[in-house]
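To start, the structure under review is shown below, and the notes come after it.
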Protein chains: 2
Amino acid sequence: MDDDKVFKALADPGRRMLLDRLCARNGQTLGQLCETMDMKRQSVTQHLGLLEEANLISTVRRGREKLHFINPVPLYEVYERWIRKFEEGRLSLLHDLKRELERKKT
Amino acid sequence: MDDDKVFKALADPGRRMLLDRLCARNGQTLGQLCETMDMKRQSVTQHLGLLEEANLISTVRRGREKLHFINPVPLYEVYERWIRKFEEGRLSLLHDLKRELERKKT
DNA sequence: AATATATGCAGGCAAATACCTGCGTAATTA
DNA sequence: TAATTACGCAGGTATTTGCCTGCATATATT
């Protein structure tokens with residue numbers, strides 16, 4: 001998995017919105033996704049392309065339509081390999097700062 | 001919390017590396033962080049500024065030095081409000097795609 | 001006081017990004 | 001078959017981004 005592509009894909013609010021829409025109703029067509037997106041179809045296509053490159057969605061062609069499905073695996077992996085590390089040390093990390101702030105006052 | 005700033009801050013590999021360095025040793029100065037960063041000090045400063053704006057780090061001045069500390073809270077919140085939603089529906093989301101693929105074959 | 005160290009601030013520039021318009025193609029429907 | 005629908009592809013452009021150089025300021029050391 002390419003961490004960087006996943007993070008960059010998540011960096012845009014429009015793309016996060018697309019993931020949200022798909023989370024609410026999986027397997028939507030490009031046209032359906034466009035209806036709620038306040039930008040041109042071609043722009044939505046570009047965003048969906050980046051999401052697919054990051055492996056965050058998968059697509060299936062059905063006739064002239066293209067269906068979009070969420071792939072939750074990369075998000076889970078990013079969490080496992082990235083977020084959890086900080087979560088584990090959460091209390092001690094916060095303590096470091098607090099201790100330094102105390103050190104200044106005295 | 002500003003989700004967008006957090007995601008954008010995480011979108012750059014250099015900034016993720018800075019967070020990694022601070023996770024390994026919290027409370028480093030700008031100079032110390034620069035030693036491992038293969039870019040000019042001023043660029044590192046810019047990255048640290050974005051991380052601070054996203055509230056991912058906090059800083060404390062001590063004399064002529066500036067110490068940097070991780071703030072793990074926004075990462076945890078992003079996980080809670082964002083990643084977990086997809087994790088919960090993980091199996092069913094994957095099933096949607098699988099079912100559609102089966103539908104095509106038959 | 002003079003020098004060295006640690007950081008701040010301003011501006012410039014090439015590349016990436018996020019939109020757009022215009023046109024082409026494949027699949028359905030009348 | 002003709003018209004419609006759903007989507008793909010190729011640029012064009014204004015903005016943002018990430019890096020740099022050059023200079024200024026504040027603290028520490030000799």
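The figures that follow rest on heavy atoms only: side chains count, while hydrogens, waters and symmetry mates do not.
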*With DNA chain C as reference, determine whether A:His47 or A:Gly63 sits nearer its 5' end, using the nearest nucleotide of each.*
A:His47
*Got a salt bridge between A:Lys8 and B:Asp12, using NZ or NE/NH1/NH2 to carboxylate O under 4.0 Å?*
no
*Which comes earlier along DNA chain C counting from the 5' end, the contact point of A:Ala11 or that of B:Lys66, where each point is its nearest nucleotide?*
B:Lys66
_Whole-Å distance separating the CG atom of B:Leu30 from the P atom of C:dC9_ = 12 Å
_Listed nucleotide nearest any side-chain atom of B:Arg64, set C:dA6, D:dC19, C:dG8_ = C:dA6
*asked:* Measuring to OP1 and OP2 of C:dG8, would you say a side-chain N or O of B:Arg41 lies under 4.0 angstrom away?
replied: no
*Please tell me which of the listed nucleotides, C:dA18, C:dG8, D:dC20, lies nearest to the side chain of B:Gln46?*
D:dC20
*For B:Leu33 and C:dG8, what is the distance between atoms CG and P respectively, to the nearest whole Å?*
12 Å
*Where does the angle between the aromatic ring planes of B:Tyr79 and A:Tyr79 fall among parallel (under 30°), tilted (30 to 60°) and perpendicular (over 60°)?*
parallel
*Nearest nucleotide by nearest heavy atom, which residue falls closer to the 5' end of DNA chain D, A:Thr45 or B:Leu50?*
A:Thr45
_Without decimals, in angstroms, what is the distance between B:Asp4 CG and D:dT17 C1'?_
14 Å
*Using the side-chain contact (heavy atoms from CB on, under 4.5 Å) rule, take B:Ile70 and B:Leu56 through it: C-alpha gap first, then chi angles, then the decisive distance, then the call.*
CA-CA 6 Å; B:Ile70 288 193; B:Leu56 285 165; over 6 Å; no
*Measure from CZ on A:Phe7 to C1' on D:dT17 and round the result to the nearest Å.*
18 Å
*Euclidean distance, atom NZ of residue B:Lys40 to atom C1' of C:dA6 [Å, nearest integer]*: 16 Å
*According to a strict under-4.0 Å criterion, is A:Arg61 in side-chain N/O contact with OP1 or OP2 of D:dA6?*
no
_Contact under 4.0 Å: A:Ser43 side-chain N or O vs C:dA18 OP1/OP2_ = no
*What integer distance in Å separates B:Gln32:CD from C:dT5:P?*
16 Å
*Show the numbers, then the answer: is there a side-chain contact (heavy atoms from CB on, under 4.5 Å) between A:His47 and A:Met37?*
CA-CA 11 Å; A:His47 286 304; A:Met37 279 305 286; 5.6 Å; no
*Of the nucleotides D:dC7, C:dT21, C:dA18, which has the atom closest to the A:Asp12 side chain?*
C:dA18
*Round to a whole Å and report the spacing from NE2 of A:His68 to P of D:dA6.*
14 Å
_Nearest listed nucleotide, side chain of A:Met39, among D:dT21, C:dA18, C:dC19_ = C:dC19
*Using a strict cut-off of less than 4.0 Å between a Lys/Arg side-chain nitrogen and an Asp/Glu carboxylate oxygen, indicate whether B:Asp3 and A:Arg16 qualify as a salt bridge.*
no
*Can you tell me how far C1' of D:dA10 sits from CD of A:Gln42, to the nearest Å?*
11 Å
*Think B:Lys8 has a side-chain N or O under 4.0 angstrom from the OP1 or OP2 of D:dT17?*
no
